[in-house]
Structure formats: C-alpha cells, structure tokens
Novice: 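Dumping the structure here so I can ask a few things about it.
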Amino acid sequence: MPSPMVVFAFILLSYFLVTGGIIYDVIVEPPSVGSTTDEHGHSRPVAFMAYRVNGQYIMEGLASSFMFALGGIGFIVLDQTHSPSTPRLNRILLIIIGFACIIIAAIACYAFMKIKLPGYLMS
Amino acid sequence: MCVCVCVCVFDDRAWYPLGRIIGGTIYPGLMVTSAAIYHILNWLHISIDVRNVCVFLAPLFSSFTTIVTYHLAKELKSPGAGLVAAVMIAIVPGYISRSVAGSYDNEGIAIFCMLLTYYMWIKAVKTGTLFWSTMAALAYFYMVSSWGGYVFLINIIPLHVLTLMITGRFSHRVYVAYSSLYVIGTILSMQISFVGFQPVSTSEHMGAFGVFGLCQIHAFVDYVRSHLNKNQFDTLFRAVISTIAAAGVLTLAVLAALGKIAPWTGRFYSLLDPSYAKNNIPIIASVSEHQPTAWSSFYFDLQMLTFMFPVGLYFCFSNLTDENIFIILYGVLSIYFAGVMVRLMLVLAPVMCILSGIAVSSLLSTYMKQIDDVKVEKKKQRFEGNYFMRSEIATLFVCVMSVFLVMYTLHCTWVTSEAYSSPSIVLSARGHDGSRIIFDDFREAYYWLRHNTPEDAKVMSWWDYGYQITAMANRTILVDNNTWNNTHISRVGQAMASSEDKAYQIMRELDVDYVLVIFGGLTGYSSDDINKFLWMVRIGGSTDKGTHIKEHDYYTPAGEFRVDKEGSPTLLNCLMYKMCYYRFGQVYTEGGKPPGYDRVRNVEIGNKDFELDVLEEAYTTEHWIVRIYKVKDLPNRGA
C-alpha cells in the first residue's frame, strides 16, 4: 500500500493537469499561443485569449494551474514550520519560501485574470 | 402529494405530433417541494402566489445548503472548519450561478439534497447505527427525486466503501451503514417513475450492487476468521476466493453478452470518455454547458479556493480517518468531472468550500496559538532557540490570511453582480455614449405570437426556445429544451438545413404553421441561430432521414464557414439562411459598410436579393433579433 503522502503527490499532479484545462485542450485543440497582426503586418504572439472566460490557449492554462499548485504548496510548506526540532536556519528559509509562494501565486493569478478580462474587479 | 398521479399527465402541446408523458420523463422533486411549501404557507394563511414560491425556492435552499455544509465540515474536522466552509459556500460564485432567484431548475434543490445525503452517510459511518443509515436512505430518496446527478452519489458511496476495504478500515459500522443504505435507498429510488427499474438493470448502478455483495462476503469472511485457527482459515479462504472470482467474472460476461445489463448511457459515458460525445452524439456535444472547462472558469468561479483545495487535501491525508477518505474521494472525482464539463462546476463548489474550510481552519488555529507567546514553560526552553520571531510571523500569517479572505469576498460579490445577476430574456448593451440600450425583442415576439396567431398554431424553432415559447406565447411547439427525442430534433434540423422545397415537405409533414428564428446580425447578438447552425447540420445529419445532409457541403472549398459571396451555395440557399437574411440586403447596419453587413460574422452577406417561395414574413421584432414566418398553404391549383 503506498503511503498517504505519495498518493497526495499524485493527486496534486493530477490537480495541476486538470485545472490547467488539459481536457479542454484535448477536445477543442486550441493553439499553444494565439497570434495577432499588428499595424506593420507582423504577427505577434498573444499569451491569453481575452474576453472569454471559458476559452484558453494551452500555455496560459498550464501557467495558471502552476500558480494554483504553487499557492497550495506555499501553505503546505508553512504548515511544516511548527515542529520544535527543526534548526533555526531551516525554519527561517521555509517560512520565507512559504510566504513567497503564496504571495507570488496570488498576485500572478490576479494579473492573469486582469489580462483575460480587462474589466475584472472594475464596476 | 402522491408521485404516482404525475404518470397520468400527458402534454400534447410540446413535441408535436408526439406529445410527452410528463410523469415518466421528469424528476418530480422540485415540483413536489414547491407545491408542498405553497400549500403549507397557504394553510397557515400566509397567502403567497405559487409563482413567488418558485422564484424564491432556489435562494431558500441555498441557505439550507449553507447550514448542511456547516454540519458536514463539523463532522469531518471541527466546528471552526464548519463555520469557515459555511461562510465560503454562502458566496461562492460556482454555486450562486445556479441558485439565483428565478432560476427554477433541478440544481437549485439537488445540491442541498446531495450534501444532506453525504452528511447522513458520514454520520452513519461514524456511528454505525441503523437510525443514521435509514436517514441517509431517506435523504438519498429525496436526491433521486430531484436530479439525474444522483448517479454520482450511488457511485461515490460504494467507491468509499471499497476504498475503506482496500485500506483495511472495513468495520461493522461501515457494514451496517452501507447495507441498510443500499437496500432501503434502492427500493425507495425505484418508486420514482423516471428511474423505474434502472437501479437493477443499467451499468451505472452495477458498481453499487457489486460493492454490496463484496460487503457481505467481507463481513462473512471476518466472521469465519474469528472462529477458525490460522491454517484452516487460510486454506478455506484461498479455495473459496478463486471459485467465487471465476464464477463472478463468468456471470458478468454472460449477462453483458445477453444484453441484460444495459451499457453506460451517452451522457454519463461522455464523462469517462470526453471525446465520445464530440464524435458520436452531436446533441450532447452541442450544449454549451457540456464543454470542457478552461482554467479561467475555475478561477472565476472559485478564486481563492483553488489555492486552498490542495492544502485541505494535505490536512486530510495527514490524519486519515474513515470520513476524511470520503471527502478526499469526493474532491478528486469532482475535480475531474468539473474539468470535463463546465456545468459540473456546481458539484465541485461545495467540496472546494469544505476542503478550503478545513485548510483555513487548521492553519489559523495553529498560528493563532502562537501569537500570544508571553509565558514560556521551563521544559520548552530547550527548543526555544530554534524559533525565530514566533509571534511576529504568526501575526503576519493571520494578516495575510485575512487579506486573502477579504479579496475572496470582493471577488465573489463582483462576479455575482457582473455575470450572474442579469435576466436572460431581456438583453442590454451600452451605447457609444455609455447609455444603456434595452433589447426586449424576445418578449415582443412571444407576445405577438400569443395575440396574433390561432390557438392551435404550431411553431417550429430550434430546441433552445421551446420552453420560452410554451410559457410566454402559449403555442404548441415541436421540440423543446428537454431534448428527450433526438430523432425529432434531427428532423427539425433537417428542415432548417435543407433548401426551401425540401424543407416545405418536412414542414407539411409536421403540420408546421409558423417558424421562428433568432438573428443577431443587426445588433451584434452572437448567440443567434446562424452561429448555432452547424450544430443543426450535425444533428440533422445524424439520423437515417438526414443522410443527405453533410457538414462539409456547408463549408467553402477552403473549409471555412462563411456567409459572404465566398460561402458555399448549399449554405446560401438553405432555409435558415433565407429566413435570417430576408430583406437584410437593403439594411444599413454600420457606418462605412455596405448594406447587408452582418455585425456578428463581420462580413457583407453573399445572397442578398431573393424572394421566399414557401414562407411569408409574419413578424420581425424592433432590432430584428426574432423573426417569425408563416408557412404558406398548398396552392389551390396544380403548378
């Protein structure tokens, strides 16, 4: 029988894949990044499919679900910092990593959503 | 309020000429609940119209859901987790989207019934008493009566029992709980006419039956083990297991080969194989709610919960109990199903809230203890040097968590007000100067139909508008949102996609008097029938009588779907095209563009000046969104 934490690691990996929209990618087959032509006629890549909440490109999906998983890992790391027997330096590093993960993930997701829906959180 | 009365009701004003047996084709729970509340309130002399009961039923039941979520999370972890979970589910957009006032659909009460059944099941597993198991069976009966999603329950509960067996946690409590729930629940579920004998004949229910058998075997084995010594037991065990396994596999194979066990039906099979609907059943694939989910739908409907979900799972894995295993299974399965179909985000929202409640509550309770660190006991001093600014870090964490929760609230209220608060029958848009323009075309057209057509007129439209025409225009229709008869819908699709004379034959066969189409080219309304047209072609071509309709005939040689001069001649001459663009060629829609410019497809239409042979225009609404045509009678003399 595998240990609970091994099963949890598998579940986290599948969570990363599913929330990245992998099933959407398989069925709808969107491009990896979109493209738009600018005023000089050159085609420039577009990272996020704008104005549609239920559509995505492959890269943006994986980037966002990586942020979801990173936020979760940040909280889990912070939960590991309470044991009395970890040395001082390790504890300080773990706390810094934990807070950094959480804050980066939250700000990144907010920024991604703002790019996708320009009117996000504006009434 | 006897359920069997419903069987006698036959609706002959929908699905003309087939009609529909109401009693045998719906889940009665929602209607029975509304009627019960209406009668109780009127008996108490609180005179309330039944329409108001229906409008406010969904918000009422979402309040009940909040209470049940509190109790469920309290059983799983602690009252603190329950409170956080209840607060989160009260505002989560994923659930609010299907439970606004006025949305009178099965999901409004189904989520409450589902969580109630889970709560009763958890209590049954924890206590192992017959009382809680029976309560769970009654809650399950209420769930079966309200939504087709009960299939999820009758598979996840046996899966939970199976997981407990595999991890060695099977006990007499689980045995009592599951055996009673399965027997009583199945008998009760077969009382609903729509379900009928499905629980003993379809593959979706066989898992539960298999686990029931396995439960009995496991309990019997435990009983025998307690009475024999080890060697005797081992020999007996090995011999019996091999015989039973062989017999079981043989029986299943024979039953499946004889066709006694029906295979998984299309809608549920497409959850296991998402590409199945796309390739084989276009009508399931065409519904926009059935599309797979992109990352932004997850974030839009759940925001912070997407971060806390893995943390909640981590806390459940850290101290595994019988009930935590259940919530882990529920969480993992519903994440997968929500990824396959956007509509199932609704099933994911409660478990996201529960697991996030567990996570937030555990984290906060650990950190709150560390804030006030004044007294240091002697025995802890040995490890004190290992801690660094303990109370400051704790305060910082509590502040960060509070900011997260406040951002979650702001996000939820913004999403609810922007996306889930508008009526769907009256549309609005902002003009160039920012003023609001209201499009009330739908109600205008339905009221015209109601007042200007004969009582027994039959209206043909695509199935999306069926319920609206029945309710607001009060006319007989051919197909509606129930979509229970694919062949009939396919016939309508063939009529829409064929040329005028072929379509006229189909319309005479079905006794159609009026045809209704939705057209967005003048206003830029993009959910119109031209954008849905390819689905009509696919569904029309999917049955026997429609084999002459091939999708690639409607594309240009380059493979594009175009309505301008380059468009395929089959498309430019089919009935749907002619009905949408009749007289549109003379209309100026946008400055600087030629007449007949379609504002949704952004092209000038290809076939402009044509006359209709078999139809005559009856009514077009103010913004051309709804167009109604009358089918001409046969000519008096031969051609």
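Proteins come first, then strands; the chains are lettered A, B, ... in the order of their sequence lines, and each starts at number 1.
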Novice: Anything under 3.5 Å between a donor and an acceptor, one on a side chain of residues 320-332 of chain B, the other on a protein residue two or more places apart or in another chain? List them.
Specialist:
residue : atom : partner : partner atom : Å
B:T321  : OG1  : B:E323  : OE2          : 3.3
B:T321  : OG1  : B:N324  : N            : 3.2
B:N324  : ND2  : B:N319  : O            : 2.8
B:Y330  : OH   : B:V347  : O            : 3.1

Novice: Below 6.0 angstrom between ring centroids: does that apply to B:F307 and A:F75?
Specialist: no
Novice: Considering all heavy atoms of both residues, which atom of B:V311 and which atom of B:L363 are nearest to each other, and what is their separation?
Specialist: CG1-CD1, 4.2 Å
Novice: Answer whether the closest heavy-atom distance between the side chains of A:L121 and A:Y110 falls below 4.5 Å.
Specialist: yes
Novice: What do the steps show when you test B:Y367 against A:T81 for side chain to side chain contact (heavy atoms under 4.5 Å, CB included), and what is the final call?
Specialist: CA-CA 11 Å; B:Y367 271 100; A:T81 60; 3.5 Å; yes
Novice: Please flag which part of A:M49 lies under 4.5 Å from any non-hydrogen atom of chain B: side chain, backbone, both or neither.
Specialist: neither
Novice: Which bit of B:F298 comes within less than 4.5 Å of chain A, counting heavy atoms only: side chain, backbone, both or neither?
Specialist: side chain
Novice: What part of A:F48 gets within 4.5 angstrom of chain B, counting heavy atoms only: side chain, backbone, both, or neither?
Specialist: side chain
Novice: What residues of residues 58-65 of chain A sit under 4.5 Å from chain B when you count only heavy atoms?
Specialist: A:E60, A:G61, A:S64
Novice: Could you list the donor-acceptor pairs under 3.5 angstrom formed by side chains in residues 15-26 of chain A, with sequence neighbours left out?
Specialist:
residue : atom : partner : partner atom : Å
A:Y15   : OH   : B:T306  : O            : 2.5
A:T19   : OG1  : A:Y15   : O            : 2.7
A:D25   : OD1  : A:Q56   : NE2          : 3.1

Novice: Report which part of B:S417 has an atom under 4.5 Å of a heavy atom belonging to chain A: side chain, backbone, both, or neither.
Specialist: neither
Novice: Check whether A:F99 gets within reach of chain B through its side chain, its backbone, both or neither, counting any heavy atom under 4.5 Å.
Specialist: side chain
Novice: Give me the atom names and distance for the closest heavy-atom approach of B:A349 to B:V92.
Specialist: CB-CG1, 4.2 Å
Novice: Quick check on the structure: residues of residues 396-404 of chain B within a heavy-atom distance below 4.5 Å of chain A, by number.
Specialist: B:L396, B:F397, B:V400, B:M401, B:F404
Novice: So which part of A:I73 gets closer than 4.5 Å to some heavy atom of chain B, the side chain, the backbone, both or neither?
Specialist: neither
Novice: Between A:M67 and A:I104, which heavy-atom pair has the shortest distance, and what is it?
Specialist: SD-O, 4.5 Å
Novice: Among A:L70, A:I11, A:I103, who wins on heavy-atom pairs under 4.5 Å with chain B?
Specialist: A:I11
Novice: Examine the side chains of B:D301 and B:Y420 and answer whether a donor and an acceptor come within less than 3.5 Å of each other.
Specialist: yes
Novice: Check the side chains of A:T86 and A:R91 for a donor-acceptor pair under 3.5 angstrom, ignoring hydrogens and angles.
Specialist: yes
Novice: Contact between A:V7 and B:F317 at the side-chain level, heavy atoms closer than 4.5 Å - yes or no?
Specialist: yes
Novice: Does any backbone or side-chain atom of B:T366 lie under 4.5 Å from a heavy atom of chain A? Answer side chain, backbone, both or neither.
Specialist: side chain
Novice: What part of B:L313 lies closer than 4.5 angstrom to a heavy atom of chain A: side chain, backbone, both or neither?
Specialist: both
Novice: For a quick test of reading the model, state the closest non-hydrogen atom pair linking B:A81 to B:K77 and the distance between them.
Specialist: CB-CB, 3.8 Å
Novice: Is the closest side-chain heavy-atom distance between B:Q370 and A:H82 below 4.5 Å?
Specialist: yes
Novice: Check step by step if side chain to side chain contact (heavy atoms under 4.5 Å, CB included) holds for B:Y299 and A:F112.
Specialist: CA-CA 10 Å; B:Y299 188 74; A:F112 290 167; over 6 Å; no
